[in-house]
*Asks:* 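Have a look at the structure that comes next, please.
Just so you know, these numbers use all the heavy atoms, side chains as well, and skip hydrogens, waters and symmetry mates.
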Amino acid sequence: MPNGNAYTREIYQVPNAGLPPDFIKQLPEQFTEGRILHNARNQIRVYDFAGTEINVKKFCIPPIVNRILYSIGWRTPKAKTTFLNAQEILKRGFQTPRPFGYIIERSKGLINFSYFASEQVQGVATLRQNHTHIEPMIDALAEYTARLHRAGLMHKDYTPGNILYQEQDGKFDFMLVDINRFRIQQTPIGLWRSISNLMQPFENDEHLKMFVKAYAKYRKINQTLATFHVLFLRHTRNAYDSVKRALKKLPGAYIFLNKPLGKED
């Protein structure tokens with residue numbers, strides 16, 4: 001552990017969660033002991049404790065602008081945001097892995113790495129892994145998404161990898177992960193904002209059209225108009241992403257284009 005008053009930690013562990021009392025507190029020192037599940041900008045490791053698997057996500061040091069905003073309190077650090085969002089999602093009757101706690105490291109007042117711990121859910125697959133029962137699954141997801149939006153919840157990164165599902169007897173149950181970018185409000189999500197949220201779950205345009213039409217049916221809005229808007233937004237976003245990828249190659253672009261300052265080696 002780094003020494004000196006310049007290094008601090010904000011630590012929270014859910015009481016009576018069935019974990020060792022110092023599990024969250026010891027994560028920075030023991031993180032490499034877990035099994036790697038994902039290793040990119042952020043890293044995810046899984047730990048086995050008394051037969052229960054625990055998922056820990058280590059968030060990299062943010063880019064300089066965001067790092068300052070997190071550090072001075074204008075934004076809530078991602079690990080804490082994920083924890084708070086998980087609590088609210090579960091409270092409103094939707095599923096996400098049960099949160100266990102978080103830890104946020106700071107050095108000289110600036111945020112460093114942060115960690116979020118939750119249950120490692122078994123028996124689920126990502127939406128990207130579905131290759132059978134496409135039409136029933138699309139309809140079920142559309143109905144689920146409509147309920148989610150009516151409940152005032154919206155995943156801002158509503159992509160195939162962040163939507164987990166489980167199928168049993170032809171019925172689908174869904175669970176959301178990677179929820180640090182999430183909109184939570186006390187009233188239903190507005191229709192225009194809702195429609196804008198529909199362009200990512202399916203990479204195939206035909207599947208996306210089916211999804212939007214089914215969603216429009218459950219929200220009782222014009223299917224043709226909704227489909228046109230979503231496809232237009234999707235193609236516009238794809239063009240923007242292509243430009244952004246090109247700009248990221250320019251010297252110094254990391255300052256403005258959200259490239260992290262540090263990540264797990």
Side-chain angles (χ1 to χ4, degrees), residues 76 81-99 121 123-241:
T76 304
T81 299
T82 304
F83 176 82
L84 296 175
N85 287 349
Q87 289 187 314
E88 187 63 25
I89 291 167
L90 292 170
K91 179 181 177 182
R92 298 195 188 193
F94 295 88
Q95 294 303 307
T96 190
R98 184 163 54 105
V121 181
V124 294
T126 68
L127 200 65
R128 186 175 286 115
Q129 295 170 304
N130 181 279
H131 301 292
T132 60
H133 306 113
I134 293 294
E135 292 189 19
M137 187 270 291
I138 288 176
D139 188 77
L141 182 65
E143 190 274 335
Y144 166 85
T145 307
R147 285 193 293 109
L148 193 74
H149 289 168
R150 283 196 294 264
L153 300 175
M154 187 181 78
H155 200 315
K156 294 183 179 181
D157 193 14
Y158 205 42
T159 58
N162 291 337
I163 305 170
L164 308 183
Y165 77 95
Q166 186 175 52
E167 180 183 5
Q168 186 172 5
D169 299 327
K171 294 183 179 181
F172 294 85
D173 292 315
F174 298 97
M175 173 179 288
L176 302 176
V177 295
D178 201 6
I179 55 172
N180 62 282
R181 295 180 60 229
F182 213 91
R183 186 177 185 88
I184 298 176
Q185 58 187 52
Q186 297 304 315
T187 57
I189 305 296
L191 284 177
W192 173 250
R193 194 182 296 274
S194 297
I195 290 173
S196 300
N197 190 230
L198 305 180
M199 60 180 173
Q200 292 180 292
F202 296 96
E203 297 165 350
N204 179 292
D205 273 4
E206 291 305 312
H207 292 164
L208 183 64
K209 290 178 185 178
M210 293 171 56
F211 171 65
V212 176
K213 287 180 179 179
Y215 177 90
K217 174 184 67 176
Y218 290 113
R219 290 297 300 267
K220 301 186 187 313
I221 58 179
N222 185 282
Q223 294 183 0
T224 301
L225 186 59
T227 303
F228 172 81
H229 277 302
V230 172
L231 288 176
F232 174 78
L233 289 172
R234 176 117 94 228
H235 296 155
T236 301
R237 178 58 185 266
N238 288 344
Y240 166 78
D241 287 343

*Asks:* Counting N and O atoms only, with roles assigned by atom type, does the side chain of Asn204 sit under 3.5 Å from a partner on the main chain of Glu206, one being a donor and the other an acceptor?
*Replies:* yes

*Asks:* State, to 0.1 Å, how close Ala151 and Phe94 come at their nearest heavy-atom pair, and which atoms those are.
*Replies:* CB-CE1, 3.6 Å

*Asks:* Got Met137 and Glu167 here, is their nearest side-chain heavy-atom distance under 4.5 Å?
*Replies:* no

*Asks:* If the plane angle is over 60° it's perpendicular, under 30° parallel, otherwise tilted; pick one for Phe172 and Tyr165.
*Replies:* tilted

*Asks:* Determine whether His229 and Asn222 satisfy the following criterion, side chain to side chain contact (heavy atoms under 4.5 Å, CB included), listing intermediate values before the conclusion.
*Replies:* CA-CA 11 Å; His229 277 302; Asn222 185 282; over 6 Å; no

*Asks:* Would a 4.5 Å heavy-atom cut-off, applied to side chains only, mark Leu153 and Ile184 as touching?
*Replies:* yes

*Asks:* Measure from the side-chain N and O atoms of Gln87 to the backbone N and O of Pro99, and report whether any donor-acceptor pair falls under 3.5 Å.
*Replies:* no

*Asks:* Could you tell me which non-hydrogen atom of Thr126 sits nearest to which non-hydrogen atom of Pro160, and how far apart they are?
*Replies:* CB-O, 3.7 Å

*Asks:* Look at the side chain of His155 and the backbone N and O of Asn197, then say whether any donor-acceptor pair between them is shorter than 3.5 Å.
*Replies:* no

*Asks:* When you check the side-chain N and O atoms of Asp205 and His235, is any donor under 3.5 Å from an acceptor?
*Replies:* yes

*Asks:* Side chains of Pro97 and Met175, heavy atoms from C-beta outward: is any pair under 4.5 Å?
*Replies:* yes

*Asks:* Parallel, tilted or perpendicular, judged at 30° and 60°: which one describes the rings of Tyr158 and His149?
*Replies:* tilted

*Asks:* Donor-acceptor pair, Thr96 side chain versus Ala86 backbone, under 3.5 Å?
*Replies:* no

*Asks:* I need the minimum non-hydrogen distance between Phe202 and Arg234, along with the two atoms involved.
*Replies:* O-NH1, 2.6 Å

*Asks:* Just wondering, are more than 12 heavy atoms of other shown residues or ligands nearer than 6.0 Å to CZ in Arg150?
*Replies:* yes

*Asks:* Examine distances only and state if a side-chain atom of Asp157 and a backbone atom of Asn162 form a donor-acceptor pair shorter than 3.5 Å.
*Replies:* no

*Asks:* Give me the atom names and distance for the closest heavy-atom approach of Pro201 to Ile163.
*Replies:* CB-CD1, 4.2 Å

*Asks:* Hey, does Leu176 have a side-chain heavy atom less than 4.5 Å from the side chain of Leu164?
*Replies:* no

*Asks:* Check whether any side-chain N or O of Thr76 sits under 3.5 Å from a backbone N or O of Thr81 as a donor-acceptor pair, and report yes or no.
*Replies:* no

*Asks:* Could you grab the distance from atom CZ of Arg181 to atom CE of Met154, nearest 0.5 Å is fine?
*Replies:* 9.0 Å

*Asks:* Quick check on Arg92: does its CZ atom have over 12 non-hydrogen neighbours (other residues, nucleotides or ligands) under 6.0 Å away?
*Replies:* yes

*Asks:* List the residues meeting salt bridge (charged side-chain N to carboxylate O under 4.0 Å, His left out) with Glu203, not counting sequence neighbours, and say none if there are none.
*Replies:* Arg128

*Asks:* Please round to the nearest 0.5 Å and tell me the distance separating atom CZ of Phe211 and atom OG1 of Thr227.
*Replies:* 11.0 Å

*Asks:* Decide yes or no for Phe174 and Leu148: does some side-chain heavy atom of the first lie under 4.5 Å from some side-chain heavy atom of the second?
*Replies:* no

*Asks:* Taking all non-hydrogen atoms of both residues, which atom of Gly161 and which atom of Val177 are closest, and how far apart?
*Replies:* O-CG2, 3.9 Å

*Asks:* Mind checking what makes side-chain contact (heavy atoms from CB on, under 4.5 Å) contact with Ala226, not counting sequence neighbours?
*Replies:* Ile195, Val212, Ala216, Ile221

*Asks:* If you compare all heavy atoms of Gln200 against all heavy atoms of Thr159, which two are closest, and at what distance to 0.1 Å?
*Replies:* NE2-CG2, 3.6 Å

*Asks:* Atom CG of Asn180 and atom NZ of Lys156: how far apart are they, to the nearest 0.5 Å?
*Replies:* 10.0 Å

*Asks:* Is the shortest side-chain heavy-atom distance between Ile134 and His207 below 4.5 Å?
*Replies:* yes

*Asks:* Quick one: does Asp139's side chain get under 4.5 Å of Tyr218's, heavy atoms only?
*Replies:* yes

*Asks:* Report the distance from atom CD of Gln166 to atom CD of Gln95, rounding to the nearest 0.5 Å.
*Replies:* 10.5 Å

*Asks:* Mind checking whether Ile179 and Ile89 have side chains closer than 4.5 Å, heavy atoms only?
*Replies:* yes

